[in-house]
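What follows is a single structure, written as structure tokens, with notes after it.
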Amino acid sequence: MKHTLLIVLSLFVGSISYGQEKANGVVEYAVDHLGKKIDRGECWDLVAFALDDVEAEWQSPFDFGEKINYKTTALQPGDIISFDGVKFESDNGYVTFPMHYAIVYKVTDKDHLTILHQNHNQKKVVQTLDLNLADLKKGKIQFYRVREE
């Protein structure tokens with residue numbers, strides 16, 4: 001019985017690390033291109049090239065993976081974000097994304113994350129930005145989990 005449990009547990013743990021393999025590759029691609037322009041420098045280009053680089057299953061233009069609800073599912077590096085008419089506002093100022101796409105780089109907790117993106121604030125190179133999801137004042141954000149198969 002103990003051996004069966006160990007085998008099942010090993011398979012489960014192995015599937016967790018495998019399940020994050022392509023997402024990790026998406027992050028690695030973006031990090032490798034920090035400060036560089038991907039294709040035309042559009043935000044969508046970074047996401048598309050990163051997904052293509054790891055041979056993730058996705059369909060152009062906007063099916064980046066499995067939709068996830070960030071309020072009920074923990075975010076992880078490599079998740080893709082779609083912003084639509086978004087405004088984040090805090091005591092430090094505000095940031096807007098009329099229509100924008102990015103990659104989750106780091107997750108500090110359920111509300112705080114760092115993204116990798118390009119074509120923001122007149123900069124058409126890959127850069128990072130810290131976000132507090134609790135500061136979302138308007139608009140819609142949708143997260144996608146990279147498909148492995």
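Owing to the predicted nature of the structure, the values given are computational and were not obtained by experimental measurement.
One hydrophobic cluster, built from ILVMFWY side chains closer than 4.5 Å, holds both Val47 and Leu34. In the hydrophobic cluster analysis, where Ile, Leu, Val, Met, Phe, Trp and Tyr join through side-chain heavy atoms closer than 4.5 angstrom, Val126 is grouped apart from Leu129. Val54 and Val31 end up in the same hydrophobic cluster when Ile, Leu, Val, Met, Phe, Trp and Tyr side chains are linked at under 4.5 Å. Side-chain heavy atoms closer than 4.5 Å link hydrophobic residues (I, L, V, M, F, W, Y) into clusters, and following such links, even through other members, never connects Ile141 to Tyr144. Residues Leu113 and Tyr29 do not share a hydrophobic cluster, defined by chaining ILVMFWY side chains whose heavy atoms lie under 4.5 Å apart.
Of all the heavy atoms in Leu116 and Ala30, the pair that sits closest is CD1-CB, 3.6 Å. When all heavy atoms of Leu136 and Lys138 are compared, the pair lying nearest together is CD1-O, 3.4 Å.
Phe143 has its side chain within reach of Leu75: a pair of non-hydrogen atoms, C-beta onward, lies under 4.5 Å apart. With a 4.5 Å cut-off on side-chain heavy atoms, Leu51 and Asp53 do not count as touching. Between His33 and Ile38, the closest side-chain pair of non-hydrogen atoms falls below 4.5 Å. In this structure the side chain of Leu46 reaches within 4.5 angstrom of the side chain of Gln118, judged on heavy atoms.
In this structure Lys37 satisfies the salt bridge (charged side-chain N to carboxylate O under 4.0 Å, His left out) test with no other residue, sequence neighbours excluded.
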Report, one line per pair, each donor and acceptor closer than 3.5 Å where one atom sits in a side chain of residues 77-84; sequence neighbours left out.
| from | atom 1 | to | atom 2 | distance (Å) |
| --- | --- | --- | --- | --- |
| Asp79 | OD1 | Arg145 | NE | 2.7 |
| Asp79 | OD2 | Gln76 | N | 2.9 |
| Asp79 | OD2 | Arg145 | NH2 | 2.9 |

Going by atom type alone, with no hydrogens or angles, which donor-acceptor pairs under 3.5 Å involve a side-chain atom of residues 91-107 and a protein atom two or more places apart or on another chain?
| from | atom 1 | to | atom 2 | distance (Å) |
| --- | --- | --- | --- | --- |
| His100 | NE2 | His117 | ND1 | 2.8 |

Taking distance alone, no hydrogens or angles, what donor-acceptor pairs closer than 3.5 Å link side-chain atoms of residues 58-73 to residues at least two apart or in another chain?
| from | atom 1 | to | atom 2 | distance (Å) |
| --- | --- | --- | --- | --- |
| Trp58 | NE1 | Asp52 | OD1 | 2.9 |
| Asp63 | OD1 | Arg147 | NH1 | 3.3 |
| Asp63 | OD1 | Arg147 | NH2 | 2.9 |
| Asp63 | OD2 | Arg147 | NH2 | 3.4 |
| Glu66 | OE2 | Arg147 | NE | 2.8 |
| Asn69 | OD1 | Lys71 | N | 2.8 |
| Thr72 | OG1 | Asn69 | O | 3.4 |

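Residue pairs satisfying the salt bridge (charged side-chain N to carboxylate O under 4.0 Å, His left out) criterion with at least one member in residues 110-128, sequence neighbours excluded, are listed as follows: Glu42-Lys124. Identified under the side chain to side chain donor-acceptor pair (under 3.5 Å) test for residues 125-134, with sequence neighbours left out: His112-Asn132, Thr114-Asp130.
Taken from CG in Asp135 to OG in Ser90, the straight-line distance is 5.0 Å, to the nearest 0.5 Å.
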